[in-house]
Amino acid sequence: MSKAAKAKPGADASEEIEECTRCGKPLPLCICDSVTPIRNRIELLILQHPQEQDRALGTARLTAQHFEKVTHKIGLSWPSLSKALGRSVDPQDWAILYLGSAKVADLATDRDVVAIDRKGEIEDHQRQILKDIEGVVLLDGTWSQAKALWWRNAWMLKCRRIILGPAQPSLYGKLRKEPRRDGLSTIEAAGMVLSRLEGRAEIETELNATFQRMLTQYRAVQSSMPELAPKPKKRDYRRPENRRGKKSLQS
């Protein structure tokens, strides 16, 4: 499979790195040729915060390539789930993966994918709730960016809310530190959720293998191409959560 590419806009000729038009990554990091779409029963909607477009280590577009039934949108808010998808759906048939302050470890359950209510407490009839889910919304961004998406889209409260309790921390390791041990990349979260809901362990295995290939590729080139290293994010002190003395939004 050939890879179409484009030059990085605004870069000097000496710093110019071509990008894959499919995954958006610099060509030295592209692994699109090894990705085969999965025929998924449960649909995915990936909502990506505009500031979370890490070309080197982001996984939203790579995750979207892995599934036949998937929609990937970049933005801050949408009027409804139907508007985000481009067709009419019932949000009660969908679930949204949002951890907030909730933790599976604090709940009386041995499940690692759990449906919770608005108070963060475990829902009754877990098996039936999870069995009836037709689609899952994933929020792609840092902890604070996911929180911003959650608060800007009131329709998300109409969906079921699910959280994850992974047995192992993210494969990111030291490359991209997660604020909590149960924080996963978008591709890991998608693999875990769909493998449990569809009862197909191979989904998680395949997505984790793709993620590991991406990280291996990154480590292989980062010493020779330091320009691919993620740039430190500047804090915007106009945002309430970054102002001294102000509390960040809580779920």
Side-chain angles (χ1 to χ4, degrees), residues 35-48 59-73 81-82 84-85 87-100 102-118 120-141 146 149-150 153 155-171 180-211 251:
V35 176
T36 302
I38 297 169
R39 181 171 296 180
N40 51 316
R41 174 177 59 83
I42 296 173
E43 188 172 355
L44 280 183
L45 170 62
I46 303 172
L47 299 180
Q48 183 178 5
T59 64
R61 291 176 68 172
L62 193 59
T63 303
Q65 285 189 55
H66 254 296
F67 297 100
E68 292 185 359
K69 295 172 63 176
V70 63
T71 302
H72 174 216
K73 293 289 183 69
L81 174 60
S82 294
L85 287 168
R87 71 179 194 282
S88 180
V89 295
D90 186 345
Q92 295 185 3
D93 295 331
W94 280 63
I96 180 168
L97 175 57
Y98 177 67
L99 296 181
K103 296 181 180 180
V104 170
D106 295 336
L107 304 175
T109 180
D110 58 357
R111 293 178 175 272
D112 55 7
V113 177
V114 180
I116 60 174
D117 60 21
R118 294 191 181 187
E121 298 175 354
I122 189 169
E123 293 266 27
D124 294 329
H125 313 298
Q126 287 286 310
R127 184 184 298 275
Q128 187 63 43
I129 290 173
L130 298 178
K131 184 178 75 68
D132 290 342
I133 291 174
E134 296 181 1
V136 176
V137 181
L138 300 179
L139 305 182
D140 182 74
L149 290 171
W150 173 259
N153 294 275
W155 55 263
M156 292 180 180
L157 293 174
K158 298 178 181 179
C159 303
R160 295 285 187 179
R161 181 177 167 193
I162 56 177
I163 59 176
L164 304 181
Q168 303 295 329
S170 172
L171 292 173
R180 272 172 38 179
R181 188 181 184 279
D182 53 354
L184 297 176
S185 66
T186 297
I187 195 168
E188 290 172 298
M192 183 174 178
V193 169
L194 261 65
S195 69
R196 302 302 188 276
L197 297 184
E198 295 199 11
R200 299 165 61 192
E202 66 272 16
I203 294 178
E204 183 176 27
T205 299
E206 185 167 342
L207 266 68
N208 283 348
T210 293
F211 188 38
S251 65

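Scope of the values below: all heavy atoms of this structure, side chains included, with no hydrogens, waters or symmetry mates.
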How far does [atom1] of [X] sit from [atom2] of [Y], to the nearest 0.5 angstrom?
{"X": "Phe67", "Y": "Leu207", "atom1": "CZ", "atom2": "CG", "result": "4.5 Å"}
{"X": "Lys103", "Y": "Asp182", "atom1": "NZ", "atom2": "CG", "result": "6.5 Å"}
{"X": "Ile46", "Y": "Leu138", "atom1": "CD1", "atom2": "CG", "result": "5.5 Å"}
{"X": "Ile133", "Y": "Glu198", "atom1": "CD1", "atom2": "CD", "result": "11.5 Å"}
{"X": "Asp106", "Y": "Glu121", "atom1": "CG", "atom2": "CD", "result": "12.0 Å"}
{"X": "Met156", "Y": "Leu47", "atom1": "CE", "atom2": "CG", "result": "5.0 Å"}

Ion pair present between Asp112 and Arg196, side-chain N to carboxylate O less than 4.0 angstrom?
yes

Check whether [X] reaches the backbone of [Y] with its side chain - one donor and one acceptor, N or O, closer than 3.5 Å.
{"X": "Lys158", "Y": "Pro91", "value": "no"}
{"X": "Thr59", "Y": "Leu62", "value": "no"}
{"X": "Gln48", "Y": "His72", "value": "no"}
{"X": "Arg181", "Y": "Ala167", "value": "yes"}
{"X": "Arg161", "Y": "Tyr98", "value": "yes"}

Validation row: [X], [Y] side chains within 4.5 angstrom (heavy atoms):
{"X": "Gln126", "Y": "Thr109", "answer": "no"}
{"X": "Ile116", "Y": "Leu107", "answer": "yes"}
{"X": "Arg111", "Y": "Leu130", "answer": "yes"}
{"X": "Ser170", "Y": "Phe211", "answer": "yes"}

Arg160: which residues meet the side-chain contact (heavy atoms from CB on, under 4.5 Å) condition with it, sequence neighbours left out?
Ala95, Glu123, Ile129

I need the minimum non-hydrogen distance between [X] and [Y], along with the two atoms involved.
{"X": "Ala64", "Y": "Val70", "answer": "O-CG1, 3.2 Å"}
{"X": "Leu149", "Y": "Asp140", "answer": "CD1-O, 4.3 Å"}
{"X": "Leu164", "Y": "Leu97", "answer": "CG-CD1, 3.6 Å"}
{"X": "Ile163", "Y": "Ala102", "answer": "CD1-CB, 4.0 Å"}
{"X": "Thr36", "Y": "His66", "answer": "O-ND1, 3.8 Å"}
{"X": "Ala201", "Y": "Ser195", "answer": "CA-CB, 4.2 Å"}

Exercise answer: donor-acceptor pairs, residues 37-45 side-chain atoms, under 3.5 Å, sequence neighbours excluded:
| unit_1 | atom_1 | unit_2 | atom_2 | d |
| --- | --- | --- | --- | --- |
| Asn40 | OD1 | Glu68 | N | 3.2 |
| Asn40 | OD1 | Lys69 | N | 2.9 |
| Asn40 | ND2 | Ile42 | O | 2.9 |
| Asn40 | ND2 | Lys69 | O | 2.9 |
| Arg41 | NH2 | Leu197 | O | 3.2 |
| Glu43 | OE1 | Arg87 | NH2 | 2.5 |
| Glu43 | OE2 | Arg87 | NH1 | 3.2 |

